[in-house]
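Below is one structure, written out as structure tokens, with a few remarks after it.
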Amino acid sequence: MTSIRNDIRVALSREWLLLRRQSTHLINGFCFFLLVGLIYQIMLGPNLVMPQGVGLCVLWVLSLLSILLIAEGWLATDLKSGFYEIWLSQGRSLWLLFAVKLFMQWLVIAMLMLCFVPIVGFQIGIDMQYIPLTLMAMVISSLAMVCFCGFGVAVTAGQTSGGLLTAILVLPLNIPPMIFGAGAVMEQMQAYDYWPVLMLLTAISLGAIMLIPAVMGFSVKILVE
Amino acid sequence: MLSFNSFSVIRGEKTLFKPLSVNFRSGDLVQLVGPNGRGKTSLLRVLAGIFSGFEGQFSWLDEQVPVYLGHKTGLHPGMNLLENMQQLFNLYNLEHELIDSILLKLGLMGYESTPVTRLSAGQTRKITLAPLFHPALHQKPWLLDEPFTSLDQETCLLIEGLCLEHAERGGFVMMTSHQNCLREDVREKITLLQLEEPEPQVIEDYDYE
């Protein structure tokens, strides 16, 4: 049996390498985010001013769809190649592997969001004073969204129509982080205290990162068997 | 080294072979033989801890974690040969210092930066077998599923020699293969475990003629 520290070290080294080698998935996801966000405002035209609340919802829906696009290839290759079999044969924990995978993916996605959300947010009419809180809420809620997308990918891995199933599974799960994420900023827009909503969002995200890797590990273990 | 007690493998509702009770010692080189679908691969997967469909008991001496090399390579198509090998070595907790000398032994020197998708099936197979050359794995039992698939004759002889050395050091090798080993000394050392009807049979001195 291997130690937890060793499992984490091996998983981190592999995930870091994969992130560098498979950056096209991330680029595709964020190109989609940027392009749809920009096109949306162009389609509305210069005379129609979108309410800020609607703009926020568009922002969160876009980020969910981008994460779904990125998540598509998280497990399929390793499952097909037999990597998980070797990982399990050495007494290593799939739970840790997926916890590291989700955390690393979230770190990169959160960093990209810090770059792109202000651009798209500004385009779809969110006032600059709300951008810092929008960024904070987006980064926190994206952890839950990454985890729920990971759950969908793990449960549907190996299915022929996995993409559709993933979307059906993942969309309802992501409603709470999306509502609380956009909700925190809306509270600020109405001059209410947004911290309770932000705390609730943080609790959902932390719960997700603690529970979802175990569920993913269980699901992949069944698939490997 | 490895004991089976009324052990059989189950797939769904089906028992793949009749209960097996046998003890294997350190230094044994066991070849699993039998028709397709009789449970050779499943048996290795049970021993490796990645498949739980079995009845009866089995136990490893000192609860060792075996080295399992299955049908699938575990290699990532997005990485090159060297990166894949480093990741494979990490999985088995092996230091990277010996990678160059192992690449040389396997005739893979010069391919380090080649993506694995551009390598032949034999070259890919060689990468998965590379950890066996590392001394750190010489203390562990080896479970090899069709290790000679896609390999050229020279590499088959090399791997056979490696298995023989491992057994003679007091290690343990259990492998499946549909082909007889090429080396006479390896064939003499092999114990066959036939998973055939009416019941599994252990043959110590099989007459290859």
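Here is how names work: the chains are called A, B, and so on, in the same order as the sequence lines, proteins then strands, and each is numbered from 1.
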Report yes if some heavy atom in the side chain of Q86(B) is under 4.5 Å from a heavy atom in the side chain of S13(A); otherwise report no. no

I need the contact set between residues 19-28 of chain A and chain B: heavy-atom distance under 4.5 Å, sorted by residue number. R21(A), Q22(A)

For F32(A), does the CZ atom have more than 12 heavy-atom neighbours from other residues, nucleotides or ligands under 6.0 Å away? yes

Where does L17(A) contact chain B at under 4.5 Å (heavy atoms): side chain, backbone, both or neither? side chain

Is it the case that over 12 heavy atoms from other parts of the model lie below 6.0 angstrom from the OH atom of Y111(B)? no

CZ (R25(B)) with more than 12 external heavy atoms under 6.0 Å: no

Which pair of non-hydrogen atoms, one from N93(B) and one from R92(A), has the smallest distance, and what is that distance? OD1-NH2, 3.0 Å

Chain B-proximal positions within residues 74-86 of chain A [heavy-atom distance under 4.5 Å]: T77(A), D78(A), L79(A), K80(A), S81(A), G82(A), F83(A), E85(A), I86(A)

Grab the two heavy atoms, one from Q90(A) and one from Y68(B), that are nearest each other, plus how far apart they are. NE2-N, 4.4 Å

Determine yes or no for a side-chain-to-main-chain donor-acceptor pair under 3.5 angstrom, with R14(A) supplying the side chain and N90(B) the backbone. no

Got a second to check how far S89(A)'s OG is from L69(B)'s CG, nearest 0.5 Å? 8.0 Å

Would one find more than 12 heavy atoms of other residues, nucleotides or ligands at under 6.0 Å from atom CD of E225(A)? yes

Applying a criterion of heavy atom separation less than 4.5 Å, what residues of residues 198-219 of chain A form contacts with chain B? none

In terms of heavy-atom contacts, does CZ of F103(A) have more than 12 from other residues, nucleotides or ligands at under 6.0 Å? no

Heavy-atom pairs under 4.5 Å with chain A - which of S42(B), S52(B), G49(B) has more of them than the others? S52(B)

Just wondering, are more than 12 heavy atoms of other shown residues or ligands nearer than 6.0 Å to CD in Q139(B)? no

Counting only heavy atoms closer than 4.5 Å, note whether L88(B) contacts chain A via side chain, backbone, both or neither. side chain

Mind checking which of residues 71-83 of chain B sit less than 4.5 Å from chain A, heavy atom to heavy atom? K72(B), T73(B), G74(B), L75(B), H76(B), P77(B), G78(B), M79(B), E83(B)

